[in-house]
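First the structure, in the form of structure tokens, and then the observations on it.
Predicted model only: the values in this text are computed from it and were never measured.
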Number of protein chains: 2
Amino acid sequence: MTRDSFSRQQAAAITGLTPRQLAYWRKTGLVVPAIHTDGGHARYTFTDLIALRAAKRLRDAGISLQRIRKCLRSLTHFLPTADRPLAELSLVVTGDVVLVFHGERAFDALTGQEWVFPIAELAREVEKLQRKQPRQGELFPAAEEKLEEYA
Amino acid sequence: MTRDSFSRQQAAAITGLTPRQLAYWRKTGLVVPAIHTDGGHARYTFTDLIALRAAKRLRDAGISLQRIRKCLRSLTHFLPTADRPLAELSLVVTGDVVLVFHGERAFDALTGQEWVFPIAELAREVEKLQRKQPRQGELFPAAEEKLEEYA
DNA sequence: AAGGGACAAAAACGGCGGTTTTTGTCCCTT
DNA sequence: AAGGGACAAAAACCGCCGTTTTTGTCCCTT
């Protein structure tokens, strides 16, 4: 029981996961312990624990393992800088979706699509428009066509 | 064409929605124009435009009308302060979920569940644990039971 | 204890068809 | 123009069911 390596039992106790889950997740590559003892037994590092804990939270939030896997696959694809997303990134979970916060922006962990728009921004848009009453089309080019179309 | 009331055509042109949609959304109560002319015709206010624009964005982001309605219903339920969520709150959309930012927190607009957890927080948790090696149970009470259970 | 295998229950997924909601279009009235 | 009604196409939803994934449990080996 050193300072920076944990047995499976310990890891399970700390993270709130079952030993069975650790075994399966290891076998399927979700979280693979970084260290092995001489006897070939697994040892979880501190970083491993964080990853496990993150995964546990995602599970508790109702995200299925399958979805977590998908997210990780696409994350390593569109955010290659992060090689251990579960231990590095800020995650927000809602319903069946995982959001990643990266700098000021938020992405869908699955698709990489960015989907943030504070209402304040909308207000500014419409305000601008209001000030230019006569030539309001500039802000919404597509809308301008519609204006003519339905005029 | 005053400064703060817009006809249906204008509203449609500005927001990028079709007049048909405005009519339907009005009829079904999603966004009801706040003003009426003497002749009984609808006039959209500036705030209405913002709401329309927000809804439009949600639609563009792939959120169905039905889901938007659900979100609004539950929003007015667990955030009663906001009586016009579409025109007041910050929304984040990903996949088929709508997130509401309210102060420092984020909620699922549908369930009201709060689901934010920066990884940094997890690291702190585990760090604390590491410093108290001998009595590690305090941080994860549930885990402590497991420790015994699987010991 | 840890690892691994085997088996079964539980959970999650994916596709399909039927139903409801939303939108487009046309027409009529004011 | 705006409102409203009617009809049809498109989009979205819901429930069902067979398949796959995940987990629990038991047993055996080191």
Side-chain angles (χ1 to χ4, degrees), chain A residues 1 5-13 15-33 35-44 52 55-56 58-73 93 95-98 110 146-151, chain B residues 1 5-13 15-33 35-44 48 52 55-56 58-73 95-98 110 146-151:
Chain A
M1 193 196 270
S5 102
F6 302 83
S7 72
R8 189 166 62 137
Q9 295 277 351
Q10 288 178 302
T15 59
L17 296 160
T18 66
R20 179 69 173 88
Q21 284 177 306
L22 294 191
Y24 184 65
W25 294 11
R26 172 157 90 108
K27 181 179 155 203
T28 53
L30 186 69
V31 177
V32 180
I35 307 181
H36 296 273
T37 65
D38 295 343
H41 283 186
R43 291 283 126 146
Y44 290 87
L52 288 174
K56 170 67 156 61
L58 292 169
R59 295 292 291 113
D60 290 345
I63 307 289
S64 73
L65 250 207
Q66 302 184 35
R67 193 169 290 266
I68 293 178
R69 293 187 197 283
K70 272 193 200 169
C71 288
L72 291 182
R73 275 197 294 272
V93 188
D96 49 359
V97 164
V98 180
L110 206 46
K146 290 234 158 57
L147 221 182
E148 296 160 8
E149 187 176 334
Y150 291 106
Chain B
M1 192 197 269
S5 102
F6 302 83
S7 73
R8 188 166 62 139
Q9 293 277 353
Q10 287 177 303
T15 59
L17 296 160
T18 67
R20 180 67 172 90
Q21 285 177 306
L22 294 191
Y24 185 64
W25 295 10
R26 174 159 88 109
K27 181 180 155 201
T28 53
L30 185 69
V31 177
V32 180
I35 308 182
H36 297 272
T37 66
D38 295 344
H41 284 186
R43 290 282 128 146
Y44 290 87
D48 290 332
L52 288 175
K56 170 68 156 61
L58 293 169
R59 296 292 289 112
D60 290 346
I63 307 291
S64 74
L65 249 207
Q66 302 182 36
R67 194 169 290 268
I68 294 178
R69 293 186 197 282
K70 272 192 201 167
C71 288
L72 291 182
R73 274 197 295 272
D96 49 359
V97 165
V98 180
L110 205 46
K146 290 235 158 56
L147 222 181
E148 295 160 8
E149 188 177 333
Y150 291 107

- Set of residues satisfying side chain to side chain donor-acceptor pair (under 3.5 Å) with respect to B:Arg26, sequence neighbours excluded: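 Here no residue qualifies.
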- Task: Name all residues meeting the side chain to side chain donor-acceptor pair (under 3.5 Å) criterion together with B:Thr28; count only those two or more places apart in sequence or in a different chain, and write none if there are none.
- Result: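 Expected list: B:Arg69.
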- Query: NA contact type, B:Ala23, heavy-atom cut-off 4.0 Å: base, sugar-phosphate, or nothing?
  - Reply: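 Nothing: the residue B:Ala23, judged by heavy atoms under 4.0 Å, touches no strand.
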- Kindly give the heavy-atom pair with the smallest separation between B:Phe6 and B:Ala11, and that separation in Å.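 Minimum heavy-atom contact is CB-N, 4.4 Å.
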- For the residue pair A:Ala12 and A:Leu22, what are the closest heavy atoms and their distance?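 Nearest pair, atom of A:Ala12 first, then A:Leu22: N-CD1, 3.7 Å.
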- Note on the structure: Given Watson-Crick and G-U pairs under 3.5 Å, DNA chain C in dot-bracket ([ ] crossing, | other strand) is ||||||||||||||||||||||||||||||
Does a side-chain N or O of [X] approach OP1 or OP2 of [N] to a distance below 4.0 Å, or not?
X	N	value
B:Arg8	D:dG3	yes
A:Thr18	D:dT23	no
A:Ser7	C:dA2	yes
A:Arg26	C:dG4	yes

- Message: On DNA chain D, compare the nucleotides closest to B:His41 and A:His41; which residue's is nearer the 5' end?
- Response: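 Comparing both residues, the 5'-ward one is B:His41.
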- Could you give me the CA-CA distance, side-chain angles and deciding distance for B:Lys56 and B:Leu52, then say whether side-chain contact (heavy atoms from CB on, under 4.5 Å) is met? CA-CA 6 Å; B:Lys56 170 68 156 61; B:Leu52 288 175; over 6 Å; no
When you compare the protein's N or O atoms with those of nucleotides 20-22 of chain D, which come within less than 3.5 Å of each other, and at what distance?
residue: D:dT22; atom: OP1; partner: A:Arg69; partner atom: NE; Å: 2.9
residue: D:dT22; atom: OP2; partner: A:Tyr24; partner atom: OH; Å: 2.8
residue: D:dT22; atom: OP2; partner: A:Arg69; partner atom: NH2; Å: 3.4

- Item | Point-to-point distance, once rounded to the nearest 0.5 Å, from CD1 of A:Ile68 to CH2 of A:Trp25 |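 These two atoms lie 6.0 Å from each other.
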- Out of C:dC13, C:dA1, C:dG24, which has the shortest distance to the side chain of A:Ser64?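 Between C:dC13, C:dA1, C:dG24, the one nearest the side chain of A:Ser64 would be C:dC13.
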- Can any side-chain N or O of B:Arg43 pair as donor or acceptor with the backbone N or O of B:Ile35 at less than 3.5 Å?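 Not at all, since once roles are kept as given, no pair shorter than 3.5 Å links the two residues.
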